[in-house]
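Okay, so here's the structure we're looking at.
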Amino acid sequence: LLDKVPRRLGLSATPKRMRDSEGNAVLTEYFGDVSYYYSMSDAIDHGFLCPYNYYMHYSSLTSEELEKYHELTNEIKKYVRFDESGQIKPSSKLDYLSRERSRIIKGSENRLDVLKLILNEYDPDLNPNISFTYSKCIIYCNTIQESRKIFRIMKDMGLSVMEYHTNIRSRENALLSFDETDFTRYIISIGCLDQGVDIPSCDGAIILSSTTNERQYIQRRGRVLRTNRGKKKIAFIHDVLVLPFSYDAVSYTHLTLPT
């Protein structure tokens, strides 16, 4: 950042960096506080983005995952220290344990069972009775290995699907084919479609890798809320939330929120 630049303008949909108070302080010192905020609801009201239905689907940990989750939680408690302002002091050991615990949530086996339930209920080919649903859908997952597993599951269900990640050759051609043809309804992505990619025809997302990262959350919604020159009237976002406990009585439920 050059101090000699007298007039400065910063443009960002997500100006705050997660878990980076030092980086945020540097940006604020250089550019100043946010002077103008244009929200997603403003963009929807003004017709730049389309409205959307947001569905929350719940999944639980398996008994083995839950046991490991509690073990890591107990270890995390040993390393939590607070500074004078009441904030948790950064620690490499604490960061490592937190990442390991997060991986349990992100890799939970039961999410794929919930995915199958979502597809059976909301896919127009599997459920001919549903008319209010997506026509093109991104499925966000965590790893290439998981992408391959989801691909096989969906093929076995008779669905048209493709993968999009760093191991796929001619990714641009694959993306163009997905966007401009009616042959493929689903595309599975890990993180490549989070930002910088425009898919005008896509009006649906199934998020199996739900995150607390606000930047990623906003970017993923942005992939499906483009109006496609007025052709897209509404989008559909299905978010699978993994709860850090096990419940046998309620294995699957979902909640629809108004936008």
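Bear in mind that the values here come from a model prediction, so they are computed numbers and not experimental data.
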Between [X] and [Y], is there a shared hydrophobic cluster once you connect ILVMFWY residues whose side-chain heavy atoms come closer than 4.5 Å?
X	Y	result
Phe82	Leu97	yes
Tyr37	Met40	no
Phe132	Leu126	yes

Kindly say whether the aromatic ring centers of Tyr122 and Tyr55 come within a distance under 6.0 Å.
yes
Can you check whether Tyr186 and Tyr134 have ring centres sitting under 6.0 Å from each other?
yes
Point-to-point distance, once rounded to the nearest 0.5 Å, from [atom1] of [X] to [atom2] of [Y]:
X	Y	atom1	atom2	answer
Ile150	Leu119	CD1	CG	9.5 Å
Ile144	Ile190	CD1	CD1	4.5 Å
Ile130	Asn120	CD1	CG	11.5 Å
Glu121	His57	CD	NE2	7.5 Å
Lys93	Tyr79	NZ	OH	4.5 Å

Any donor-acceptor N/O pair, [X] side chain to [Y] backbone, under 3.5 Å:
X	Y	result
Asn53	Phe236	no
Lys233	Pro51	no
Ser108	Arg111	no
Ser160	Arg185	yes
Arg8	Asp3	yes
Ser201	Asp179	yes
Thr73	Tyr69	yes
Asn127	Asp123	no
Lys232	Val224	yes

Using a strict 4.0 Å threshold on nitrogen-to-oxygen distance, state whether Glu75 and Lys78 make a salt bridge.
yes
Salt bridge check: are Lys68 and Glu65 linked by an N-O gap of less than 4.0 Å?
no
Have Thr62 and Glu109 got a donor and an acceptor in their side chains that come within less than 3.5 Å?
no
Is a donor from one side chain sitting under 3.5 angstrom from an acceptor on the other, for Ser85 and Asp83?
yes
So which residues get pulled into Tyr38's cluster when ILVMFWY side chains under 4.5 Å apart are joined, directly or through others?
Tyr36, Phe48
Derivation and outcome, side-chain contact (heavy atoms from CB on, under 4.5 Å), residues Ile153 and Leu112:
CA-CA 9 Å; Ile153 288 173; Leu112 301 188; 4.1 Å; yes
Applying salt bridge (Lys or Arg N to Asp or Glu O under 4.0 Å) to Glu100 and Arg103, what does each step give before you reach the verdict?
CA-CA 5 Å; Glu100 288 299 302; Arg103 286 193 181 100; 2.3 Å; yes
Cation-pi, Tyr96 ring and Arg99 (6.0 angstrom, 45 degrees)
no
